[in-house]
Amino acid sequence: MTAYIQKLKQFLSDEKELLTDLAIEVANADNDYEYREAKAKYNEQRIRVQAIQDAIDLASSMKAVS
């Protein structure tokens, strides 16, 4: 279980880096269209990051119970 959690944490780290890149794209949007497109991608990635964090939390709580 520990190896699984470590892999999830690395995956989370990688996905957070992408989230940061997408946040920069939102901030640098030149017009409303670019802003909406960048914001939609950012929101999708934010949900993905949260889902990975939830998986880590669940796996950690299961490990603690065992």
Checklist entry - Do S13 side-chain atoms and K9 backbone N/O form a donor-acceptor pair below 3.5 Å? => result no

Checklist entry - Just how far is it from atom CD1 of I5 to atom CG of D57, taken to the nearest 0.5 Å? => result 9.5 Å

Checklist entry - Do L18 and V26 sit in the same hydrophobic cluster, where Ile, Leu, Val, Met, Phe, Trp and Tyr count as joined when their side-chain heavy atoms come under 4.5 Å apart? => result yes

Checklist entry - For the atom pair OG1 (T20) and NZ (K16), what is the distance rounded to the nearest 0.5 Å? => result 9.0 Å

Next on the checklist: For a quick test of reading the model, state the closest non-hydrogen atom pair linking I52 to L8 and the distance between them.
Outcome noted: CG2-O, 3.8 Å

Next on the checklist: Return the NZ to CG distance between K39 and D32, rounded to the nearest 0.5 Å.
Outcome noted: 13.5 Å

Next on the checklist: Using only atom types and a distance under 3.5 Å, with no angle test, would you say the side chain of Q53 pairs donor to acceptor with the backbone of L12?
Outcome noted: no

Next on the checklist: Taking the side chain as everything from C-beta on, heavy atoms only, tell me whether M62 gets closer than 4.5 Å to L58.
Outcome noted: yes

Item to check | Minimum heavy-atom distance between K41 and L22, given as atom pair plus value | outcome: O-CD1, 3.7 Å

Next on the checklist: Within the structure provided, determine whether K7 and Q10 are in side-chain contact (heavy-atom separation under 4.5 Å).
Outcome noted: no

Checklist entry - Roughly how far apart are L19 CG and N43 CG, rounded to 0.5 Å? => result 9.5 Å

Item to check | Working for side chain to side chain contact (heavy atoms under 4.5 Å, CB included), residues E37 and E34 | outcome: CA-CA 5 Å; E37 288 290 313; E34 286 182 10; 5.7 Å; no

